[in-house]
Every structure is written in C-alpha cells, then in structure tokens.
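Chain naming here is simple, since letters A, B, ... match the order of the sequence lines and numbering starts at 1 in each. Just the heavy atoms: all of them, side chains too, but no hydrogens, waters or symmetry mates, feed the values below.
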Number of protein chains: 2
Amino acid sequence: MAEKQLRRNLAVLPIGTVMKLTGQTARQIRYYETQALVFPERTIGHQRMFSLNDVDRLLEIKDYLAEGTTMVQIRQIYQKKADRQRDKQLSDEKARRLLANELLSVGGLVGQRSTISQSSKLY
Amino acid sequence: MAEKQLRRNLAVLPIGTVMKLTGQTARQIRYYETQALVFPERTIGHQRMFSLNDVDRLLEIKDYLAEGTTMVQIRQIYQKKADRQRDKQLSDEKARRLLANELLSVGGLVGQRSTISQSSKLY
DNA sequence: TGACTGATGTTATAAAAGCTAACATCAAAT
DNA sequence: ATTTGATGTTAGCTTTTATAACATCAGTCA
C-alpha cells in the first residue's frame, strides 16, 4: 500500500487547481510568473501547467509577501539559492569524476548498469 | 528536502493530464466511469477531476483489459476488494472500541489529543 | 502633498479544454 | 448472422484559461 509517488517536478496541475491549493487568485499567480518567481510549463494550447514544486514555491511566496518581503527580494533569494545549487552540482560532478577515475585506474569496472523497473517510470 | 506529498485521494488532475499519465483517450476514461470503474469528482462546472488513486486505478484497468479481462469482471474485482476493505474497517473499529473500553476502565485517559501542525493540512 | 510604484482587482474578448449525446466501427461471443 | 463490448468520431455547447488594458489603493519618497 502507498507506493508510487508523483514526481514533484512533473507539470500536471492547471491553474484552477493551483488556485485552490494555494488560496491565490489567477491574477496573482500569473503576476508572479511575470516577475520570474515561478515558471509553469505550457500545454500545446498555451495553458499553464504547474508541478508540486511550483505549488510549494507559491506557498513560500505567500509567506514571504505576508512578511512584507518584496518580489524583487524574493526573486533574489531564489536566484542565490539556484546559484548555490548550481555550484553544488558542479562540485558534485567533479567529485564523481574524480571517483570514477580512481575506480577506473584500479578495477576498470565502470559502465555496469542495473536494469530499471518499468513501473518506476510511469509518473 | 523532499517532504510534503500530495494526498493520493485529492482530486486535482483534469482529464487532459490523466490522458497523458495513462496513455488512455478521454473516450476511454469517460467510458470507464460509466462502467463504475473510476469515480472522478466534478468541479462546479461539471468537469472531471482525478486523484492519483484514480490514475493508479486507470493504469490497473489498462493492464486488466490487456489481459482480456472484461469490464464487468474488473468491476467485480474492485467490488470484492472494497467489501473486504469495509469488513476490515469494521473489525478494526470494533477492536479499537474494545481497546478504548479497556483503557477507560483502567486509567480513564481517553480524549487526549495532540495538536496537528498546519503545514500537514495544506495538501 | 502629489506623483510614483508595487500588488492586485476587474472587465472584455478570444481560444483551449472539457462536456454530453449520437452515430459509426469492428472484433469477439453467441 | 446478430448481438455485445469497447472505442472512434463528430457536433454543439459550457467551462476554464489566456492576454491585455484599465482601475484601485496603500505605501514611498522627492
């Protein structure tokens, strides 16, 4: 019981759902997009589709605004967070590369892969 | 990182999303509803809204049909599952009642409640 | 104080997505 | 040869979403 979960970055929610989930108006949500605070995807017909991560961020934005934080400041907060994230990615990458070299020079066993079960790829 | 999850029975997905998630056509999904295999909720404007549980069930239905199982049979399968579930609910209920009585007759400490954190109720 | 800005409301108009209902198809069962 | 079960297709209508423009209103600041 209780197994598969929705990938948090999968854009599946229309704006109406997001309104209910966040208590924000469509006007607000769309405005936050123009301010580069959230980045919903679009359907072929241009309708916004949000992920759970988007919803979380909107809830955070709500809190920030309630504290009096301005949107420019909020954007900067997320920008810095993204930068740190990017740096971490890079250093992790470097670490992995080093480790891989290490292993290669010793055992030569890189490239082994276990098969991935089908069900885990559904959503 | 990675905390809040979507309640699996919260109806938030429009039929278009469900189509993509299941690979079924709107026609099929709606027909399965007429056959009492899924029970999406409706918006005020009568549009179907599905939960993750609904999506799981639709994927199951897909497998059943591929095996040649008929919809009547599928409905019966779910019916029996629901019946067993109901029985279990009832016997659990009885067990809890007995336990509560037990505790009452000894300590008299029933009715204590811990507060529920706000965030856990968002979705 | 008066103009400006930031955030949101409101309204109009158009397009996309969804709804029901009816008729069509087609393979499998009877 | 019919009937049945599952699905496709089409038409007409409703709901939801989109963009854009104008309105409001509180707070800031010269």
Side-chain angles (χ1 to χ4, degrees), chain A residues 10-55 57-79 123, chain B residues 10-55 57-79 123:
Chain A
L10 194 57
V12 292
L13 310 172
I15 200 168
T17 292
V18 176
M19 290 171 64
K20 287 178 201 149
L21 254 29
T22 66
Q24 292 162 330
T25 66
R27 181 68 166 93
Q28 289 176 301
I29 297 168
R30 294 191 191 114
Y31 185 62
Y32 303 156
E33 185 187 17
T34 71
Q35 301 306 300
L37 297 186
V38 279
F39 308 92
E41 294 181 16
R42 298 288 183 130
T43 64
I44 313 162
H46 306 123
Q47 305 212 173
R48 275 166 267 253
M49 292 297 277
F50 298 78
S51 69
L52 287 180
N53 280 336
D54 290 328
V55 174
R57 175 165 286 208
L58 285 169
L59 289 171
E60 280 182 21
I61 291 170
K62 196 177 186 178
D63 290 343
Y64 277 130
L65 289 176
E67 291 170 9
T69 313
T70 178
M71 290 197 190
V72 176
Q73 296 170 324
I74 298 176
R75 179 164 58 246
Q76 288 168 348
I77 290 170
Y78 286 132
Q79 188 53 58
Y123 62 95
Chain B
L10 193 57
V12 292
L13 310 172
I15 201 169
T17 292
V18 175
M19 290 171 64
K20 288 177 201 150
L21 253 30
T22 65
Q24 292 162 328
T25 66
R27 181 68 168 90
Q28 287 175 303
I29 298 168
R30 294 191 191 114
Y31 184 61
Y32 302 155
E33 186 187 15
T34 72
Q35 300 307 300
L37 297 186
V38 279
F39 308 92
E41 294 181 13
R42 297 290 182 130
T43 64
I44 312 161
H46 304 122
Q47 306 211 172
R48 274 166 267 254
M49 293 297 277
F50 299 78
S51 69
L52 287 179
N53 280 336
D54 291 327
V55 173
R57 176 165 285 208
L58 286 170
L59 289 171
E60 280 182 20
I61 291 170
K62 195 177 188 178
D63 290 344
Y64 277 131
L65 290 176
E67 291 170 9
T69 313
T70 176
M71 291 199 189
V72 175
Q73 296 170 322
I74 298 176
R75 178 165 58 248
Q76 288 168 347
I77 290 170
Y78 286 131
Q79 188 52 58
Y123 61 95

**Student:** Distance check needed: dA15(C) C1' versus Ile44(A) CD1, whole Å only.
**Tutor:** 14 Å
**Student:** For a quick test of reading the model, state the closest non-hydrogen atom pair linking Leu37(A) to Arg57(A) and the distance between them.
**Tutor:** O-CD, 2.8 Å
**Student:** Under 4.0 Å between a side-chain N/O of Tyr31(B) and OP1 or OP2 of dT7(D), yes or no?
**Tutor:** no
**Student:** Given atom NE2 of His46(B) and atom P of dC13(D), what is their separation to the nearest angstrom?
**Tutor:** 18 Å
**Student:** Whole-Å distance between dT8(C) C1' and Gln35(A) CD?
**Tutor:** 12 Å
**Student:** Below 4.0 angstrom from OP1 or OP2 of dA18(D), is there any side-chain N or O of Arg30(A)?
**Tutor:** yes
**Student:** Please report the C-alpha distance between Gln28(B) and Lys62(B) in whole Å, then the side-chain angles of each, then the deciding distance to 0.1 Å, and finally whether the side chain to side chain contact (heavy atoms under 4.5 Å, CB included) criterion is met.
**Tutor:** CA-CA 10 Å; Gln28(B) 287 175 303; Lys62(B) 195 177 188 178; over 6 Å; no
**Student:** To the nearest Å, how far apart are Met49(A) CE and dA18(D) C1'?
**Tutor:** 15 Å
**Student:** To the nearest Å, give me how far apart CG (Leu13(A)) and P (dT16(D)) are.
**Tutor:** 16 Å
**Student:** Using a 4.0 Å heavy-atom cut-off across all strands, classify Arg48(A) as base, sugar-phosphate, or nothing.
**Tutor:** sugar-phosphate
**Student:** Heavy atoms from C-beta onward define the side chain here; which of dT15(D), dA18(D), dA21(D) lies closest to that of Gln47(A)?
**Tutor:** dA18(D)
**Student:** State the CD-OH distance between Gln73(A) and Tyr78(A), to the nearest 0.5 angstrom.
**Tutor:** 13.0 Å
**Student:** To the nearest Å, give me how far apart NZ (Lys20(B)) and P (dA16(C)) are.
**Tutor:** 14 Å
**Student:** CD1 of Ile29(A) versus P of dG9(C): gap in Å, rounded?
**Tutor:** 11 Å
**Student:** Between Met71(A) and Gly45(A), which has a closest nucleotide on DNA chain C that is more 5'?
**Tutor:** Met71(A)
**Student:** Does Gln28(B) or Thr43(B) map to a spot on DNA chain D nearer the 5' end, using the closest nucleotide for each?
**Tutor:** Gln28(B)
**Student:** Send over the distance from Ile15(A) CD1 to dA16(C) P, rounded to a whole Å.
**Tutor:** 17 Å
**Student:** Between Met19(A) and Thr25(B), name the one whose nearest nucleotide on DNA chain D is closer to the 5' end.
**Tutor:** Thr25(B)
**Student:** Is there a side-chain polar atom (N or O) of Arg42(B) under 4.0 Å from OP1 or OP2 of dT20(C)?
**Tutor:** yes
**Student:** Check whether any side-chain N or O of Tyr32(B) sits under 4.0 Å from OP1 or OP2 of dT7(D), and answer yes or no.
**Tutor:** yes
**Student:** Specify the closest pair of heavy atoms between Thr22(B) and Leu59(B), including all atoms of both residues, with the distance to one decimal.
**Tutor:** CA-CD2, 3.8 Å
**Student:** As an exercise, state the distance from CD of Gln24(B) to CD1 of Ile61(B), rounded to the nearest 0.5 Å.
**Tutor:** 7.0 Å
